[in-house]
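Structure first, then comments.
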Number of protein chains: 2
Amino acid sequence: MQKKPRNPDNFEIELDAQLCFAIYGAAHAFTRTYKPLLEPLGLTYPQYLVMIALWEEDDQPVKAIGDRLGLDSGTLSPLLKRLEQSGLVARKRDRDDERQVRISLTAKGGELRHQATGVAQAIGKAVGCSFDEAVTLRDELIALKQRLIKAGE
Amino acid sequence: MQKKPRNPDNFEIELDAQLCFAIYGAAHAFTRTYKPLLEPLGLTYPQYLVMIALWEEDDQPVKAIGDRLGLDSGTLSPLLKRLEQSGLVARKRDRDDERQVRISLTAKGGELRHQATGVAQAIGKAVGCSFDEAVTLRDELIALKQRLIKAGE
DNA sequence: CGCAATTCAATTGCGCACAATCTAATTACG
DNA sequence: CGTAATTAGATTGTGCGCAATTGAATTGCG
């Protein structure tokens, strides 16, 4: 894969686009790998992320979950309603600040954590690289994300 | 960031989940970075990917574009209709195999390529890492994607 | 105190992403 | 040859992801 100078009359995908495309593809590959593992739990991948956030710390406001996952209320409101309908979480207004809706795990939602342990193991196997490699890649991606966010002010 | 053995009664996000989450976040950061750059061109990011594919090789069947980008007809059909309505591409049945719909650039679609040169430059700047770093990261991601796909048979 | 600005969540609208299903065209095979 | 299997694309339905708007609650400031 050689790098040629940009030539508007002889277009090639630039490295930046290749990198972006590689991330795009890897992200989709991840969600596709998670899908069959999460299906028995009745969760989609973004719902699983929300459950992880709640397993780490129960009874959080929507805003806190959104900050953690980088999602806004337009995404979370319907998603949380579906989790509520599945009987995994409860939604109640904070008494001290009635603007906030606090999300808490139901007994069923808390127990799902045990069924989910197999998921991480299966993913670890599918990732198929060493611990150190995974750490490095994770940190590079986090750094890249930070630079992109910073570049966008 | 220390690694502790898995303990179902004291849950922590596993490295695999952290890696997945990092990719998820980086992918979103990329699309957010592209968004304001592509807006003046009247393109979304997936539409931009399709245009790149067509700038590389004009007059492709939907299937070929889908294979290139990892998208199916359920995603591409409406997307291509929008590109057609924007006057950037034309859709016509292949005469030799009427199952296929060939997508070709209009004059307007071809010219858009010149306006798009600034996009890659801006992304390159936002990515903010060296050429070698970007190459390495790209290749690691491609390898990871391949392993994930392979693990899913 | 009282009004303006801010914050939080919900809602609306648009555009992917993908499974499942459908139709039409082509190819394979007995 | 003719039927079955395959292939291409479109359609439908569900669920994100995000911008923009709304409405209610809270905070800040004169």
Side-chain angles (χ1 to χ4, degrees), chain A residues 21 24-36 38-39 42-51 60-86 89 91-103 149 152, chain B residues 21 23-36 38-39 41-51 60-86 89 91-103 149 152:
Chain A
F21 189 69
Y24 188 78
H28 287 346
F30 250 118
T31 64
R32 282 183 206 124
T33 304
Y34 269 106
K35 196 170 206 296
L38 293 175
E39 201 157 318
L43 292 175
T44 65
Y45 176 62
Q47 288 168 9
Y48 175 62
L49 292 181
V50 169
M51 293 303 289
Q60 295 187 59
V62 175
K63 182 73 164 56
I65 298 173
D67 288 345
R68 181 85 173 78
L69 305 183
L71 299 173
D72 69 355
S73 67
T75 300
L76 285 176
S77 287
L79 187 157
L80 291 168
K81 270 192 184 173
R82 284 186 282 271
L83 286 180
E84 185 184 34
Q85 250 182 325
S86 303
V89 307
R91 293 140 41 73
K92 46 178 193 277
R93 290 269 162 198
D94 188 312
R95 217 170 266 82
D96 295 337
D97 184 345
E98 297 216 347
R99 291 172 304 182
Q100 297 182 33
V101 171
R102 302 194 72 88
I103 309 297
I149 290 171
Chain B
F21 189 69
I23 290 178
Y24 188 77
H28 287 347
F30 250 117
T31 64
R32 283 183 205 124
T33 305
Y34 269 106
K35 196 170 204 299
L38 293 175
E39 201 156 319
L41 307 186
L43 291 175
T44 66
Y45 175 62
Q47 288 168 9
Y48 176 63
L49 292 181
V50 169
M51 293 303 289
Q60 294 187 62
V62 174
K63 182 72 163 57
I65 298 173
D67 288 344
R68 180 86 174 78
L69 305 182
L71 299 173
D72 69 356
S73 69
T75 300
L76 284 177
S77 286
L79 186 157
L80 290 169
K81 270 191 185 174
R82 283 186 282 271
L83 286 181
E84 185 183 35
Q85 250 181 325
S86 302
V89 307
R91 293 140 43 72
K92 45 179 193 278
R93 290 271 162 197
D94 188 313
R95 217 169 264 85
D96 295 336
D97 184 345
E98 296 217 346
R99 290 173 305 183
Q100 297 183 31
V101 170
R102 302 194 72 89
I103 310 297
I149 289 171

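What you are looking at is a predicted structure, and each value in this text was computed from that prediction instead of being measured. Reminder, nothing fancy here: chain letters follow the sequence lines and each chain counts from 1.
Nucleic acid contact for B/Asp94: none, since no nucleic acid atom lies under 4.0 Å from a heavy atom of the residue.
Taking CG of B/Leu69 as the start and CG of B/Leu76 as the end, the distance is 7.0 Å to the nearest 0.5 Å. Atom CD of B/Gln60 and atom CD1 of B/Ile103 lie 9.5 Å apart (nearest 0.5 Å).
The A/Thr44 side chain lies nearest to D/dC16 when the options are C/dA10, C/dT26, D/dC16. Counting only heavy atoms from C-beta on, A/Asp97 has its side chain closest to D/dT26 among D/dC16, C/dA10, D/dT26.
In this structure, the side chain of B/Thr75 does not engage the main chain of B/Leu71 through any donor-acceptor pair within 3.5 Å. Between the side chain of B/Glu39 and the backbone N or O of B/Pro36 there is no donor-acceptor pair closer than 3.5 Å. Under a 3.5 Å cut-off, the side chain of A/Arg93 and the backbone N or O of A/Arg99 do form a donor-acceptor pair. Judged by distance alone, with hydrogens and angles left aside, the side-chain atoms of A/Thr31 form a donor-acceptor pair with the main-chain N or O of A/His28 at under 3.5 Å.
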Derivation of the side-chain contact (heavy atoms from CB on, under 4.5 Å) call for B/Leu38 and B/Thr44: CA-CA 6 Å; B/Leu38 293 175; B/Thr44 66; over 6 Å; no
side-chain contact (heavy atoms from CB on, under 4.5 Å) between A/Val101 and A/Lys92, intermediate numbers included: CA-CA 5 Å; A/Val101 171; A/Lys92 46 178 193 277; over 6 Å; no
Residue pair B/Phe30, A/Tyr24: steps toward the ring pair (Phe, Tyr, Trp, His ring centres under 6.0 Å) verdict: CA-CA 9 Å; B/Phe30 250 117; A/Tyr24 188 78; 9.9 Å; no
CA sep, side-chain torsions, deciding dist, call: A/Val50, A/Gln47, side-chain contact (heavy atoms from CB on, under 4.5 Å): CA-CA 5 Å; A/Val50 169; A/Gln47 288 168 9; 5.6 Å; no
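Put simply, CD on A/Gln85 is 13 Å from C1' on D/dG15, counting in whole angstrom units. The CD1-C1' distance, from B/Ile103 to D/dA8, rounds to 12 Å in whole Å. Distance CD (A/Gln47) to P (D/dG15): 8 Å, rounded to an integer number of Å. Here the C1' atom of nucleotide D/dC16 and the CD1 atom of A/Ile65 are 16 Å apart, to the nearest Å. In this entry the distance linking CG of A/Leu69 with P of D/dC16 reads 12 Å, nearest Å. For A/Arg95 and D/dT26, the CZ to P distance is 13 Å, given to the nearest whole Å. As rounded to whole Å, 8 Å separates atom C1' of D/dT6 from atom CZ of B/Arg99. Between B/Tyr48 atom OH and C/dC16 atom P there is a gap of 15 Å when expressed in whole angstrom units.
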Under 4.0 Å protein heavy-atom contact, by nucleotide of nucleotides 18-23 of chain D - B base, S sugar-phosphate only: BB----
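OP1 or OP2 of C/dT26 has not a single side-chain nitrogen or oxygen of B/Gln100 nearer than 4.0 Å. A sub-4.0 Å separation between OP1 or OP2 of C/dA10 and a side-chain N or O of A/Arg91 is present.
Residues A/Pro61 and A/Tyr24 each lie close to DNA chain C; by heavy-atom proximity, the contact nearer the 5' end of the strand is made by A/Pro61.
Of the residues in residues 76-84 of chain B, those placing a heavy atom less than 4.0 Å from an atom of DNA chain D are B/Ser77, B/Lys81, in numerical order.
Pair assignment for D/dG30 gives C/dC1, based on Watson-Crick or G-U wobble hydrogen-bonding distances that are each under 3.5 Å.
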